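All values reported here derive from a predicted model rather than from experimental measurement. Any value given below was found using the heavy atoms of this structure, including those in side chains, with hydrogens, waters and symmetry copies removed. Atoms within a ligand are numbered from 1 in the order they appear, just like the ligands themselves.
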Amino acid sequence: MSDPAEENPSPPQAAAGKRVVVIGGGLAGLAAASALSSRGMSVTVLESRPRLGGRASSIVDRDTGETIDNCQHVAMGCCTSFRSFCEDTGCSDLFETQRELYFVGPPGQAKVVRFAASSLPAPLHLASSFMKMPWFTLGEKWQIASGLRALAKDRTKTDRSFQDWLDGQRQSETVQRRFWHLVLVSALSESLDRISLHHARKVFVDGFLASHDGWQVSIPTVPLDDVYGTRISAALRMHGVDIRVKAGVRRLLIDGGGISGVEMRDGTEIFADEFVLAVPHNLVKSMLPDDCAECSDVVSLDRLESAPIASMHLWYDQPLTELPHATFVDRLSQWMFNRTVLSSASPLLDRSPHSKGVTEDDGGCRLQVVISAAHDLSAMSEQEVVAKVDSELREVWPDSHRARLIHGRMITEHRAVFSPLPGVDEFRSVQQSPISNLQFAGDWTRTGWPATMEGAVRSGYLAAENILARAGRPDTVVATDLAPARLYRLLFS
Ligand SMILES: Cc1cc2nc3c(=O)[nH]c(=O)nc-3n(C[C@H](O)[C@H](O)[C@H](O)COP(=O)(O)OP(=O)(O)OC[C@H]3O[C@@H](n4cnc5c(N)ncnc54)[C@H](O)[C@@H]3O)c2cc1C
C-alpha cells in the first residue's frame, strides 16, 4: 500500500490541496493533471505504458533507429483549449502554425493550389483561395457555396447522417467526393454516411466559416514523444505532479459511497480523495465497481464504434518536394507531412538525437502520409499500400523519378478515434460519473467535440472544473472559443 502524498513530497502550495489520482497519461489525463496541479492540488498520474501521450505518441523504427510518430497529429486554430494546454505546459514552441495549406488536384490535374486567408472577414476570408481550385467548375463552386450557407444556417436539433443531409442539398457526386468527403474524412476519420450532421457542421463552422483563423493548422516540429513525453512531463513535474509510467491500474476500490483508491496490476493500492479515470472508453467498464459499471452512462459506451487511421512513413534518398505538407484530392493518400522540412524548424534540432533523421544527414527526406477512415486498407498488404502511396507521390512530383525509396512502413491504429455516427453524443458520458469523487475524462466523454486532442484536453479540463467545484474552489479551466466574426453573425445568427 502506498500514499502518493507521502511517497512524493509535494511543493508547499499543494500540501493544503486535495490528493488526486489520474489514471491514464494521454492528453485528457495530462490536461486534468496540469489544471489541478497548477491550482494547488497534489496530483499523481498513473500510466500503464512506459511513456506518456496515449494515442499521440512515437515509436522507434527498428530498421532506421529513428523516432517516428504513430501518426502525425495536427490541431486546428479553433482548438483553443489544446492551445492553452500547450501554453500552460510550455510546449507551444514545438509547433509550427501553417498559414498556408497546399491542395494537390486530382490525378491528371495535379496542380498545387496555395490556400490562404485573404483580409476579408469570415466567412469570406477563404473564398478567393477556393475560387482558384481548377478541378471544380464554376457550377460546382456555386454548389459548394450554397451547401456551406445551408449548413451554417441549419440548426436542427435532430441528428442524421451527413450523407443524408447532403443528398437533400443537390450536391453532385464529384462535389461530395472532392470537397465534403476530402475535408471531413481527415477531420473525423469516417465516410460521409457514417458522420453525424452535427459533427460535420461543427468542423465547417468552427474551422472554416465562423472565424478568420480557425482553419489554420499547427503541426509539431518534433516527434510527439518530445512534446508529451519529455517537455510536458517536465512541466508537470515542476508543478509537483508525481508521474508514474509502467503503472497499470487494475481497478478502482469503493468504500461506502465513494472511491477510496486504486488497485494496481502489481497488487499495491494507492489512496486519494478524488479520481480521474482517463483511459480509452472500451476499458472503463472493467475498471469500475460493479454497481457503477452497470449504470446507463457506462453501459452506453459499448455502443461507441471505432475508426482506423493508417500512416505511411517513407524514407527517400533525395527530397521529393520542399512543401511542408500537402492535401491530395481523389487519391488513396490524403495528407502528406514532410517531416524533413517540418523538423528543420525544430527548436530542439541541435539537442535532440531524434529530431533529425538518418536520411536527412545524407540529403534524403522522410515523408509521412496519412489515410484516415482506413477501413478498406485491411484488404491490402503493407507493401501494396506503400507502393500505391509511393506511386501517387511520384505522379504528383514527377521530377522525383530518380529518388529512391529506401524504406517504407505502415502503422495502423485500429481504434484510432470513435466514429462520429449520427446520435453518437447520446452514448458519450459526461465527466461527472455516478460516483461523486470519480470523474471520467477522455475524448469519448461529452465535450461537444469529436475525437481529437482538443476533445481530450477539454474533457480533462471539465473533469478538473468538477473537482475544483467539489473542493469549494470553482474555476473556469476550459478556454473560450474563437469569437465568431461580426459578418458571420450577421449572416447566420
Ligand atoms: C492515428 C491517429 C491519428 C490522430 N490524428 C489526430 C490529429 O491529427 N488531430 C487530433 O486532434 N487528434 C488526432 N487523433 C486523436 C487523438 O490522438 C485522441 O483524440 C487523443 O489523443 C485522445 O486522448 P485521451 O487522453 O482521451 O486518450 P488516450 O490517448 O487513449 O489515453 C489513454 C491513456 O490511458 C492509458 N491506460 C489505459 N489503461 C490503463 C490502465 N489500466 N492504467 C493506467 N493507464 C492506462 C493508455 O495507455 C493511454 O496512455 C488521432 C488519433 C490516432 C490514433
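The ring of F427 has its center no closer than 6.0 angstrom to the ring center of W444.
D225 places no side-chain N or O within donor-acceptor distance of the main-chain N or O of S57, the cut-off being under 3.5 Å.
The minimum heavy-atom distance linking H73 with P220 is given by the pair O-CD, 3.1 Å.
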Which N/O atoms of ligand 1 sit under 3.5 Å from a protein N/O, and at what distances?
| residue | atom | partner | partner atom | Å |
| --- | --- | --- | --- | --- |
| ligand 1 | 8 (O) | V74 | N | 2.9 |
| ligand 1 | 9 (N) | V74 | O | 2.8 |
| ligand 1 | 11 (O) | M453 | N | 2.8 |
| ligand 1 | 12 (N) | M453 | N | 3.4 |
| ligand 1 | 14 (N) | H73 | NE2 | 3.4 |
| ligand 1 | 17 (O) | H73 | NE2 | 2.8 |
| ligand 1 | 19 (O) | D443 | OD2 | 2.7 |
| ligand 1 | 19 (O) | T452 | N | 3.4 |
| ligand 1 | 19 (O) | T452 | O | 3.2 |
| ligand 1 | 25 (O) | L27 | N | 3.1 |
| ligand 1 | 25 (O) | A28 | N | 2.9 |
| ligand 1 | 26 (O) | D443 | N | 2.9 |
| ligand 1 | 27 (O) | R55 | NH2 | 3.0 |
| ligand 1 | 29 (O) | R55 | N | 2.8 |
| ligand 1 | 30 (O) | R55 | NE | 2.9 |
| ligand 1 | 30 (O) | R55 | NH2 | 3.3 |
| ligand 1 | 41 (N) | V249 | O | 2.9 |
| ligand 1 | 41 (N) | R265 | NH2 | 3.2 |
| ligand 1 | 42 (N) | V249 | N | 3.0 |
| ligand 1 | 44 (N) | S48 | N | 3.1 |
| ligand 1 | 47 (O) | E47 | OE2 | 2.6 |
| ligand 1 | 47 (O) | R49 | NE | 3.3 |
| ligand 1 | 49 (O) | E47 | OE1 | 2.6 |
| ligand 1 | 49 (O) | E47 | OE2 | 3.2 |

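Contact check for I467 versus Q439: side-chain heavy atoms found under the 4.5 Å cut-off. Contact annotation: the side chain of L468 approaches that of M41 to within less than 4.5 Å [non-hydrogen atoms, C-beta and beyond].
Ring geometry for F115 versus W215: interplanar angle over 60°, hence perpendicular rather than tilted (30 to 60°).
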